[in-house]
Protein chains: 2
Amino acid sequence: MPTATRQRIIEAADDLFYRRGFDHTSFADIAGEVHISRGNFYHHFRTKDEILAAVIEARQASTRAMIRLWEDQEPTPEGRIRCFIRIVITNGALIERYGCPVGTLTSELAKLDHPCMEQARSVFSVFRDWLTEQFTALGHKDQADELAMRVLAFSQGVATLHNAFGDEAFVQREVGSMEQWLSTYSEHLKRKEP
Amino acid sequence: MPTATRQRIIEAADDLFYRRGFDHTSFADIAGEVHISRGNFYHHFRTKDEILAAVIEARQASTRAMIRLWEDQEPTPEGRIRCFIRIVITNGALIERYGCPVGTLTSELAKLDHPCMEQARSVFSVFRDWLTEQFTALGHKDQADELAMRVLAFSQGVATLHNAFGDEAFVQREVGSMEQWLSTYSEHLKRKEP
DNA sequence: CTTGTTGTAGGACAGTCGTCCTATCGAGGA
DNA sequence: TCCTCGATAGGACGACTGTCCTACAACAAG
């Protein structure tokens, strides 16, 4: 049963881990953000790794929630994949400043050789599996996972360079190019099923 | 005039910043790697930021050296761009473990709001400007920078996902796809200048 | 009213951090 | 031989880290 305070800790840690990085965020930082004492903090999370695990779990949940939203808004697989492609525009301001939350956390945990690495990777997998489903529905079952990985790589590349250069025109251009690439895969379906 | 010890410090710091991250690498770590005392360390670098600046400078130099090597080995712009594309295979083992040195450092410095961020970005720019030159030589002067950014984004996306998933087949596949994409841009030139 | 549980606070603890200071070493010039 | 000066060593410093312990307040169960 999650307490309200516990929930606020997770939200603050989520935000700080994103903006400052996991390693560079201290207990005191999070406690200060939530306006509780470090002692109270320890009552909810005994170690830093426990918070990280809870944060990643929360990110998995919010990712799934976002995906459900896309599925409600867009009836076609093409429209849904387009939602994912456009995420680098939707979250453009944050990505320009702090990069992709999933990619940067994974990179950091890889360097730290952190036990939560596998859990962090699974956030990637939520996107990957869902994109694979969409490409399968689009009639490309045999290469669905490969296409999903390509879209995922696109978003990571654009996010990293947006974070490095801050060039919004570049993001717009790449999204447009990717949407055009996507349309070639969906028109192929229309031609097969008129 | 760089001392031999100073050079060894830079090399050790370069390696550790890559493998553990800048923030998570301490003075003691580097000193231990070089087998010198922390006091001696301070004689060469007074602050951590000074080491970082020296490391980034060294990376710029080694990047330019690698580029010169490519230019010596490959006479055509297409072959040279191919060298860059293949770098995610050449350095595959390291990237799988620690990600791209340029991308991960830039991401970390962005989160730390570090003054060396601009300098780190310039390592990206070395690649970007050189790729722009190559695409210009390939006869695509009007969109040379856009194509350079696309190749750069490709490498960052592939590196991030290779680091996350460790899927070598994915890397091979994406490199092949990217080389095919590149060949369409060079054949366009051959058609115009037979 | 007593007892026990739970949330909160504040501080103790040993360790590490970046930074800085001082002392010693060794070679080269006067 | 003495002096100088860069290279090296070793430790001191205050601040901060993650972790842990104890004390108190609120409140429900008995």
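Note that the structure is a prediction, hence the values are computed from the model and not measured. The figures that follow rest on heavy atoms only: side chains count, while hydrogens, waters and symmetry mates do not. Letters A, B, ... are given to chains in the order of the sequence lines, protein chains preceding strands, and every chain is numbered from 1.
Between A/Ser26 and the phosphate of D/dT17, there is a side-chain N or O to OP1/OP2 separation shorter than 4.0 Å. For the OP1/OP2 pair of D/dA9 and a distance below 4.0 Å, the side-chain nitrogens and oxygens of B/Asn40 include at least one atom meeting the criterion. Applying the 4.0 Å criterion to OP1 and OP2 of D/dC21, one finds that A/His43 has every side-chain N and O outside that range.
The CD atom of B/Glu50 sits 12 Å away from the C1' atom of C/dT19 (whole-angstrom rounding). Rounded to an integer number of Å, the gap from A/Asp49 CG to D/dT17 P is 16 Å. As a whole-Å value, the separation of B/Phe41 CZ from D/dG11 P is 19 Å. Between B/Phe27 atom CZ and C/dT16 atom P the separation is 17 Å, expressed in whole Å. The interatomic distance linking B/Arg8 (CZ) with D/dA7 (P) rounds to 13 Å, in whole Å.
Taking for each of A/Arg38 and A/His44 the nucleotide of DNA chain C with the nearest heavy atom, the 5'-most of the two is the partner of A/His44. The residue among B/Thr5 and A/Tyr42 whose nearest nucleotide of DNA chain D is located toward the 5' end is B/Thr5.
With respect to the salt-bridge test (charged N to carboxylate O, under 4.0 angstrom), the residues A/Asp15 and A/Arg19 qualify. A salt bridge is absent between A/Arg150 and A/Glu146; no separation between the charged side-chain nitrogens and carboxylate oxygens falls under 4.0 Å.
Heavy atoms from other residues, nucleotides or ligands lying under 6.0 Å from CD of B/Glu179 number more than 12.
Residues B/Tyr185 and B/His140 place their aromatic rings such that the two centres sit under 6.0 Å apart.
Side chains of A/Ser122 and A/Gln60: a donor-acceptor N/O pair is present below 3.5 angstrom, by distance only.
Residue A/Ile36 places its side chain closer to C/dA9 than to any other of D/dT19, C/dA9, D/dT8.
Within the 4.5 Å cutoff, the side chain of B/Glu108 has no heavy atoms near those of the A/Glu108 side chain. Using a 4.5 Å heavy-atom cutoff, the side chains of B/Leu105 and B/Arg59 are in contact.
Terminal axes of the helix from C/dC1-D/dG30 to C/dA30-D/dT1 (five pairs each, C1' rotation axis) are separated by 20°, to the nearest 10°.
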